[in-house]
Amino acid sequence: MDFEKLQDIIADQLDVDKADVKPDTKLVDDLDADSLSVVEIQMAIEDECGVKIPDEEIPSLVTVDDIMKAIEKFK
């Protein structure tokens, strides 16, 4: 998955401007995501690219870059 596609998913799930989604953007602190939103992002990523990010990884997904790294790790 490329960064732009991930930006689209996060912006859509959190109803934020795509320009606000950068690699160092923190999901909770910067985009006001809650735990349910992070799980919804996880599920959308799984649907889009078939990558299963284990549930125990969710707490470590703090920034957008963390999600990119998890996608690479588990693909």
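Numbering of residues begins at 1 and proceeds along the displayed sequence. The figures that follow rest on heavy atoms only: side chains count, while hydrogens, waters and symmetry mates do not. Keep in mind it's a predicted model, so treat the numbers as computed, not measured.
With Leu27 as the fixed residue, the side chain to side chain contact (heavy atoms under 4.5 Å, CB included) test singles out one of Thr63, Asp32, Ile67: Ile67.
Contact check for Lys22 versus Val64: no side-chain heavy atoms found under the 4.5 Å cut-off. Ile10 has its side chain within reach of Leu31: a pair of non-hydrogen atoms, C-beta onward, lies under 4.5 Å apart. No side-chain heavy atom of Asp20 sits under 4.5 Å from any side-chain heavy atom of Asp30.
When the shell of 6.0 Å around CG of Asp24 is examined, it contains more than 12 heavy atoms from other residues, nucleotides or ligands. For Lys26, the NZ atom sits in a loose shell: 12 or fewer heavy atoms of surrounding residues, nucleotides or ligands are nearer than 6.0 Å.
Side-chain heavy atoms closer than 4.5 Å link hydrophobic residues (I, L, V, M, F, W, Y) into clusters, and following such links, possibly through other members, connects Phe74 to Ile71. Connection of Ile58 to Met1 is established within a shared hydrophobic cluster, with ILVMFWY side chains joined at heavy-atom distances below 4.5 Å, either directly or through further cluster members.
In this structure, Asp8 and Lys18 approach most closely via the heavy-atom pair OD1-NZ, 2.9 Å. Across every non-hydrogen atom of Gln42 and Asp55, the tightest pair is NE2-OD1, 3.1 Å. When all heavy atoms of Asp2 and Met68 are compared, the closest pair comes out as C-CE, 4.3 Å. Closest non-hydrogen pair, Lys73 versus Glu57, comes out as NZ-OE2, 3.9 Å. Taking all atoms of both residues into account, the shortest heavy-atom contact from Ser60 to Asp66 is O-OD2, 3.3 Å. Closest approach of Val21 and Phe3 over heavy atoms only: O-CZ, 3.6 Å.
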Evaluation steps, side chain to side chain contact (heavy atoms under 4.5 Å, CB included), between Leu14 and Ile41: CA-CA 9 Å; Leu14 299 179; Ile41 291 168; 4.1 Å; yes

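Considering CD of Gln7 and CG of Asp17, their distance stands at 9.5 Å, rounded to 0.5 Å. If you take CE on Met43 and CD on Glu48, they are separated by 13.0 Å, rounding to the nearest 0.5 Å. With values rounded to the nearest 0.5 angstrom, Ile9 atom CD1 is found 13.0 Å from Glu40 atom CD.
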